[in-house]
There are 2 protein chains.
Amino acid sequence: MSVFCALSNEQVEEIDNSKGCNFYNKGQVVFHEGNRTNGIYCINKGKVKLFQIGSEGKEQIIRFAKAGDVVGYRALLSEEPLSASATAIEDDTTICFIPRDQIFSMIAQNPNFNFKFLKMLSHELGEAAKIITDLAQKPVRERLAETLLILKDTFELDEEKNIQVKLSREELANIVGTATESVIRLLSEFKKDKLIAVEGRNIKLLNIPGLTRVANVFE
Amino acid sequence: MSVFCALSNEQVEEIDNSKGCNFYNKGQVVFHEGNRTNGIYCINKGKVKLFQIGSEGKEQIIRFAKAGDVVGYRALLSEEPLSASATAIEDDTTICFIPRDQIFSMIAQNPNFNFKFLKMLSHELGEAAKIITDLAQKPVRERLAETLLILKDTFELDEEKNIQVKLSREELANIVGTATESVIRLLSEFKKDKLIAVEGRNIKLLNIPGLTRVANVFE
DNA sequence: GATAAAATATGACATTAATCAGCTAATTTT
DNA sequence: AAAATTAGCTGATTAATGTCATATTTTATC
């Protein structure tokens with residue numbers, strides 16, 4: 001549920017008047033880690049990945065955002081530089097920029113909007129803690145299975161159980177925190193075990209309970 | 001800087017009247033992962049560790065809190081169960097509980113207090129993202145060096161450069177995400193390289209630039 | 001202060017996963 | 001359409017780190 005559903009009609013209109021929309025093709029940069037931001041970005045259409053560059057120059061994907069999601073709010077609210085870069089992972093991704101003052105005045109005026117932000121941030125923080133525990137404790141195989149399940153929850157499956165996002169093997173590796181080759185090998189294992197079907201970048205989840213077992217998730 | 005410095009004198013007094021303070025000895029549980037919380041916990045004195053239990057029953061330390069810090073706010077604000085457990089890591093740790101209604105009404109009444117929370121949450125989220133990237137990409141040796149530097153920033157050094165917190169090798173391993181034996185071996189390596197001195201649970205940082213180099217941190 | 005228990009230390013070994021190399025398939029560019 | 005680039009795949013090898021066994025030291029308990 002978007003933070004903006006907390007706004008009144010007038011407030012939505014106010015935002016509509018001040019916001020600027022931009023189009024991005026796959027691979028185009030929305031914002032860059034380390035820069036300052038002066039507002040937040042709302043995904044209207046398409047998908048983006050948020051990632052940091054580690055000390056060896058390797059990309060680490062922190063999270064994804066899709067239509068209805070907001071990115072860049074962390075840096076705005078903490079008044080720190082952007083902690084991650086964002087790039088579109090689909091063509092025709094449409095993103096609106098809402099300037100800082102708009103956001104701050106609405107937080108001040110509208111308690112609901114404010115609580116939505118508090119809730120969103122604290123929820124994200126809980127998700128981050130789970131990821132930390134998994135990265136620290138689970139082997140690669142389990143983390144990959146879990147990543148597939150998280151992608152399912154984030155982007156949903158179509159009628160044929162395909163995860164509704166297309167990622168390269170390398171990008172999957174950059175979520176899981178492993179080498180591209182390991183992802184390739186493990187995906188074929190999952191395929192052999194009839195847990196998934198793979199066609200290029202299309203991944204079909206054939207056996208979700210099975211994947212959940214591999215991921216060793218119990219919630 | 002504590003969130004409470006945003007409060008007026010009357011508000012501080014109001015909290016003082018409603019809050020309940022408790023004492024905890026080393027090892028005692030402040031709250032338990034999975035439970036609901038109905039307020040937040042302010043550390044008055046002492047130190048606590050926040051941790052999750054991973055799927056194999058292993059503890060993963062997510063963060064620490066010391067006098068002036070607040071814990072339990074994530075679960076309160078997200079209206080989710082507590083994502084971590086908290087236990088005291090020092091004797092005579094004193095913690096006050098501030099009930100939910102107090103907090104929510106102050107957030108609503110006092111924009112400064114509100115922004116402090118937004119800032120604290122979004123800052124934490126940025127720290128979590130860094131930890132994720134490090135866990136995913138850095139080898140154990142670098143992560144241990146970095147952990148020592150983070151402990152230094154959190155708890156500071158005394159006049160003799162000792163980190164002002166006492167942790168077991170196992171606890172260090174549960175921050176780094178490694179085996180206790182690996183921590184033991186790496187600490188002796190660091191000792192041999194004159195980066196640190198170790199006396200029981202006392203760790204002296206002899207060469208911070210050296211440790212920074214090992215941790216491969218560039219900020 | 002003796003005994004038990006827990007924490008720390010060390011070595012040998014097993015396992016996981018990264019790296020490297022080479023090869024094939026798929027895209028993109030010209 | 002050919003050439004070039006990128007992505008995906010596979011096998012062999014190496015390096016990192018976890019596990020297990022055992023010894024030693026420290027701390028807690030009686």
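First the proteins, then the strands, lettered A, B, ... as listed; each starts at 1.
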* Asked: Counting heavy atoms not belonging to A:Lys191, are there more than 12 under 6.0 Å from its NZ?
  -> no
* Asked: Is any side-chain heavy atom of B:Leu151 less than 4.5 Å from a side-chain heavy atom of B:Leu167?
  -> yes
* To do: Kindly compute the distance separating CG (B:Asn174) from CD (B:Gln60), expressed to the nearest 0.5 Å.
  => 6.5 Å
* Would you mind checking if A:Lys49 and A:Glu59 are paired as a salt bridge, meaning a charged N to carboxylate O distance below 4.0 Å? => yes
* Please work out whether the ring planes of B:Tyr73 and B:Phe117 are parallel, tilted or perpendicular, with thresholds of 30° and 60°. => perpendicular
* Structure fact -> note: B:Arg143, atom CZ; D:dT17, atom C1'; distance rounded to Å ~ 10 Å
* Any side-chain heavy atom of B:Lys66 within less than 4.5 Å of one from B:Ile43? -> no
* Asked: Using 4.0 Å as the upper bound for N to carboxylate O, is an ion pair formed by A:Glu90 and A:Lys45?
  -> no
* Distance, rounded to the nearest Å, where B:Glu142 contributes CD and D:dA16 contributes C1' -> 12 Å
* To do: For A:Thr178, report the nucleic acid contact type (base, sugar-phosphate, nothing); a contact means any heavy atom under 4.0 Å.
  => sugar-phosphate
* Asked: A:Tyr41 vs A:Phe97 aromatic rings, parallel, tilted or perpendicular, using cut-offs 30° and 60°?
  -> perpendicular
* Asked: What parts of residues 160-169 of chain A reach DNA chain D, counting only heavy atoms under 4.0 Å away?
  -> A:Ser168, A:Arg169
* Please give, in whole Å, the distance from D:dA16 P to B:Leu186 CG? -> 11 Å
* State, yes or no, whether a side-chain contact exists between A:Asn22 and A:Ile95 at a heavy-atom distance under 4.5 Å. => no
* Nucleotide interval of DNA chain C bounded by contacts with chain B (heavy-atom cut-off, under 4.0 Å) -> C:dA7 to C:dA12
* Check: B:Ile150 and B:Ile175 side chains under 4.5 Å, non-hydrogen atoms -> no
* Salt bridge between A:Lys192 and A:Glu189, side-chain N to carboxylate O under 4.0 Å? -> no
* To do: Output yes when A:Asp193 and A:Arg141 qualify as a salt bridge under the 4.0 Å nitrogen-oxygen rule, no when they do not.
  => yes
Measure all distances between protein nitrogen or oxygen atoms and nitrogen or oxygen atoms of nucleotides 25-29 of chain D, and list the pairs falling under 3.5 Å.
none

* To do: Check whether the side chains of B:Ser83 and B:Arg74 place a donor and an acceptor atom closer than 3.5 Å, and report yes or no.
  => yes
* Flag side-chain contact, heavy atom, 4.5 Å: B:Thr133 against A:Ile62 -> yes
* Write down the distance between CG (B:Leu135) and C1' (D:dT17), rounded to a whole number of angstrom. => 15 Å
Do any N or O atoms of the protein come closer than 3.5 Å to N or O atoms of nucleotides 10-15 of chain D, and which pairs are they?
| residue | atom | partner | partner atom | Å |
| --- | --- | --- | --- | --- |
| D:dG11 | N7 | A:Arg185 | NH1 | 2.9 |
| D:dG11 | O6 | A:Arg185 | NH2 | 3.2 |

* How sharply is the helix from C:dG1-D:dC30 to C:dT30-D:dA1 bent, taking the axes over five pairs at either end and rounding to 10 degrees? -> 50°
* Touch class at under 4.0 angstrom, heavy-atom based, for A:Arg201 against every strand present -> sugar-phosphate
* Donor-acceptor pair between A:Glu56 and B:Asn216 side chains, under 3.5 angstrom -> yes
* Structure fact -> In short, ring pair (Phe, Tyr, Trp, His ring centres under 6.0 Å) pairs touching residues 146-202 of chain B with sequence neighbours left out are B:Phe64-B:Phe155
